[in-house]
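The structure under discussion appears below in the form of structure tokens.
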Amino acid sequence: MNLNNTNFLNGLNKNQSKAVQHFEGPLLVVAGAGSGKTRALTHRIAHLIVEHNVDPSEIIAVTFTNKAAREMKDRLEILLAKRMAESQLLKPWSSLESIEKNEFRSKIYRQINQELWIGTFHALFAKLLRYDIEKYKDKEGLSWTRFFSIYDEKDSLSLVKEIILQDLQLDPKRFDPKKIRWSISNAKNKGILPEQLERDAESQRIKVIAQVYNLYRKALSANNSLDFDDLLLIPVQLLKQNHQVREYWHQRFKHVLVDEYQDTNWTQYELIKLIVSNGKNPSEFKNWEKRSVFVVGDADQSIYSFRAADFRILMSFQNDFDNSTDSKVSNSLVKLEENYRSTSTILEAANCLIENNKERLDKVLRATRGKGELIKLTKCDDEIAEAEAVVHRLRIINAGDETFSWGDVAVLYRTNAQSRVIEESLVRWNIPYIVVGGLRFYDRREIKDIIAYLKLLINPSDSVSLLRILNVPKRGIGKTTIQKFNDAAAELGVPLWEIVSDPEAIRSLGGRSAKGLLEFQELLTYLKNKVDQFAPSELVQLVMEKSGYISELIATATDEAEERRRNLQELVNAALQYQEDNETANLEGFLASAALASDADNKDTNSDRVTLMTLHSSKGLEFPIVCLVGLEQGLFPSYRSLDDPSSLEEERRLCYVGLTRAKERLFLFHALERRLWGGMREPSIASNFLTEIPSDLIEGDLPLSGGTSLRRERNFERLTRIDRHNNNFDSRQSSTLSPSNAVRKTFSGPMPGQSWSIGDKVVHSFFGTGQITHVFGKEEKISLAIKFDGMSPKILDPRLAPIKLIKDN
DNA sequence: CCGAATTTAATTTTT
DNA sequence: TTAAATTCGG
């Protein structure tokens, strides 16, 4: 291809160029926030193709989200189209008509992008499995066909539930399906199979989990279905056991690139190794000729350990892949330490915060921009006041700045549940906004229903989907009928579909449900005949109409039904979009993209709306203005991280991610009390993270920093008020208190120098007795996590809260 | 078998 | 507060 008049190094700094020019062998790019890592990645791919003449089909690039993949493809397309146009027409890209630009882009798309494997681990290995899953030989004889369905979390949970309730008849109170599903997922992400889990089981409980796991795997196979974890685990096993398959993919993917390497888990790491070094120990792998593995990541932004990600994989990359003992540091590591995104104030705050972590790879992040404004901290009475304060800030900025756009703003929070209050305030003030994340589009009931029909058309063994739609819309097929059929299927060891579609079985039933079943069977036969002749979007439409789903919604005639109809129309649009993006569109492909899509993928980036999202989904994005809300102990950091230093460090990294999203201005908020689920107010104390940011970078209501704050006054007031109303507090408790406590209780306020430790029992004048589960901070900054009977753990400041220690003996 | 009414549990974070 | 699960009357 004739693209040689320019190279892809223009406008890159020294280390970025070094990364882009890397050709053979392993390279770790440690890339801090805002240091231009996506740029390095895309430019390197372009460089490989153009300068090193690498065939696009030999490149595999793994991203963390679909959105990142799409962005990379887009940027690559523009990059290459630009070079192609400029070398052919000898005039600058910007002088081209947009129709010309598009022509070049579509040329690049067909010649190059179509060949590249760019996507998430899940999407790419699902694609690989469509080729090779039938070659997989399971030790227990389990197998899958290339028409497998992909189960999302809900589907797989319903399967686990069924096993726990029906097959094993366990008490779901003792064996919570959600927790067990989670344990299974964890095992899968570590590459552990049921037999090993059973063998290493240290408790009866784990044995039971292994048993469920075992049945669950069998059920998945019987349904010809895979869960998210299988999309990675099955390829690992397949590549390990089948030399030919492994050899093929090893030869094919000569250049492997991984983005967000700090968030890879064990299974993903195995996959990389298998492909890169063909199953050999990668540190002994020598044949790097025209091959490379190129990973980009930042250990400080590792925030997915709950999904079994382990940033030590990143930290040991050089040990794993680089066998050139002499020049390790210079040859297989490049650091991008210049931040082009944030003001130096924001950056310094983030740097100081993250320095509190112990487990880190040495790295600094240097500012390239001016100081900018101070960070503003706002203390609010409760979560409603917090939301109002956010909106108030934004309105002030909006009024004072002509160039301001609502799209410049992101409001970030720790949990999805926090979005609602903010939304209410935004609605009240008529500010346009969009919530990303939360409930996935494809998780909506009506969408899942239609998708279930489509899955069934391709994969009749998929009983989870079958059960979902057998009586949706209503066909008079009730619980008892379904149970009967289900039992029969289990007994005969055949998929439920075989029974449901068996005329004999139907005839053995009474008239009412038989009619419905015949109807259903006819419908599916009719639809099945259409699969090959119609595009996915047409099939969606067809299912919606012929199943009677739409007419039922019309008949219902409520606002909710109307909304559902609109969503279904969106599904048709999604299918159309999919067809546009993929020349080789088919129903399997559409279903896979639906299963692996996330809500964040569909975010419309250039609309003039405030973006609301969790800190997790903000990773990789940037905004001129960031509002970070809910900075309170127990919320952020989450109370579940308080008893575990490494989780707390992960929360801190999450905070680091949040701070570094901001380019110009950063606003922090915390509330003094918060309603959790519409019920009781919970007192909250400011997040310890706030105290880790140097106070000279912040203006506003500094937390816990001496002086008499409003918060203290209020809490003292509450303390005395409770004591007044509860005047039998002392006398009621005194009989159970030891003498030393009897002395202590003569203090009327908080006790100075009191020491608290985990396990201590305390009595609270309002919550009753509880036990300390965690102590964090000390002296001025101390706070306690206390579990009271029948309540979620509370985070309290012992110097302010009306609590007293009880001696155990 | 269906739908309405009532109760219950749930809040990290996501491919 | 809300969604999902359970119960009960027709």
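We name chains A, B, ... by the order of the sequence lines, and we start the count at 1 in each one.
Phosphate contact (OP1/OP2 of B/dG3, side-chain N/O of A/K474, threshold under 4.0 Å): present. Checking the phosphate oxygens (OP1, OP2) of B/dT11, no side-chain nitrogen or oxygen of A/N416 falls inside 4.0 Å. Phosphate proximity of B/dC2 to A/N471: present, with a side-chain N or O under 4.0 Å from OP1 or OP2. Proximity of A/S617 to the phosphate of B/dT14: a side-chain N or O atom is located under 4.0 Å from OP1 or OP2. Contact check, A/T65 against B/dT14: no side-chain N or O comes under 4.0 Å of OP1 or OP2. Phosphate proximity of B/dT15 to A/K67: absent, as no side-chain N or O sits under 4.0 Å from OP1 or OP2. Checking the phosphate oxygens (OP1, OP2) of B/dT13, no side-chain nitrogen or oxygen of A/S638 falls inside 4.0 Å.
The nearest whole Å value for the distance from the NZ atom in A/K161 to the P atom in C/dA4 is 10 Å. Atoms CD (A/E563) and P (C/dA3) sit 12 Å apart, rounded to a whole Å. Distance, A/L157 CG to B/dT14 P: 17 Å, rounded to whole Å. Distance, A/K178 NZ to C/dA5 P: 9 Å, rounded to whole Å. As a whole-Å value, the separation of A/Y639 OH from B/dT11 P is 9 Å. At whole-Å resolution of the value, CZ in A/F441 and C1' in B/dT14 are 19 Å apart. The separation between A/F121 atom CZ and B/dT14 atom P is 19 Å, rounded to whole Å. Nucleotide B/dT15 holds its C1' atom 14 Å from the NZ atom of A/K188, rounded to whole Å.
Under the 6.0 Å distance and 45° angle rule, A/R307 counts as a cation-pi partner of A/Y304. No cation-pi contact links A/K448 to A/Y442, judged by a cut-off of 6.0 Å to the six-membered ring centre and 45° from its axis.
The 5' end of DNA chain B is approached more closely, in terms of each residue's nearest nucleotide, by A/I482 than by the other of A/H616 and A/I482. Projected onto DNA chain C by closest heavy-atom contact, A/R445 and A/R420 fall at different nucleotides, the more 5' of which corresponds to A/R420.
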- Message: Please determine whether side-chain contact (heavy atoms from CB on, under 4.5 Å) holds for the pair A/K37 and A/D259, giving the CA-CA distance in whole Å, both sets of side-chain angles, and the decisive distance to 0.1 Å.
- Response: CA-CA 9 Å; A/K37 74 185 168 86; A/D259 194 10; 3.1 Å; yes
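Here B/dT15 is the nucleotide among B/dC2, B/dT15, B/dT14 with the atom lying nearest to any side-chain atom of A/H122. Side chain of A/F228, nearest nucleotide from B/dT15, C/dA4, B/dT11: B/dT15. Distances from the side chain of A/T120 to the nucleotides C/dA5, B/dT15, B/dT11 place B/dT15 closest. Candidate nucleotides B/dT14, C/dA5, B/dT11 were compared by shortest atom distance to the side chain of A/A417, and B/dT11 ranks first.
Side chain of A/Q237 to main chain of A/I234: no donor-acceptor pair is present (N/O by atom type, distance under 3.5 Å, no hydrogens or angles).
A/H616 and A/F306 have their aromatic ring centers within a separation under 6.0 angstrom.
Base engagement by A/E153 is indicated by at least one non-hydrogen atom pair under 4.0 Å involving a base atom. Note on A/F636: nothing from the nucleic acid sits closer than 4.0 angstrom, heavy atoms only.
Taking a pair to require two hydrogen-bonding distances under 3.5 Å in either a Watson-Crick or a G-U wobble arrangement, B/dG3 pairs with C/dC8. The partner of B/dT11, taking Watson-Crick or G-U wobble pairs whose two distances both stay under 3.5 Å, does not exist in any strand shown.
Distance check on atom P: B/dT13 versus C/dA4 gives 16 Å, rounded to whole Å.
Between A/Y151 and A/S156, the side chains place no donor N or O within less than 3.5 Å of an acceptor N or O (distance only, hydrogens not considered).
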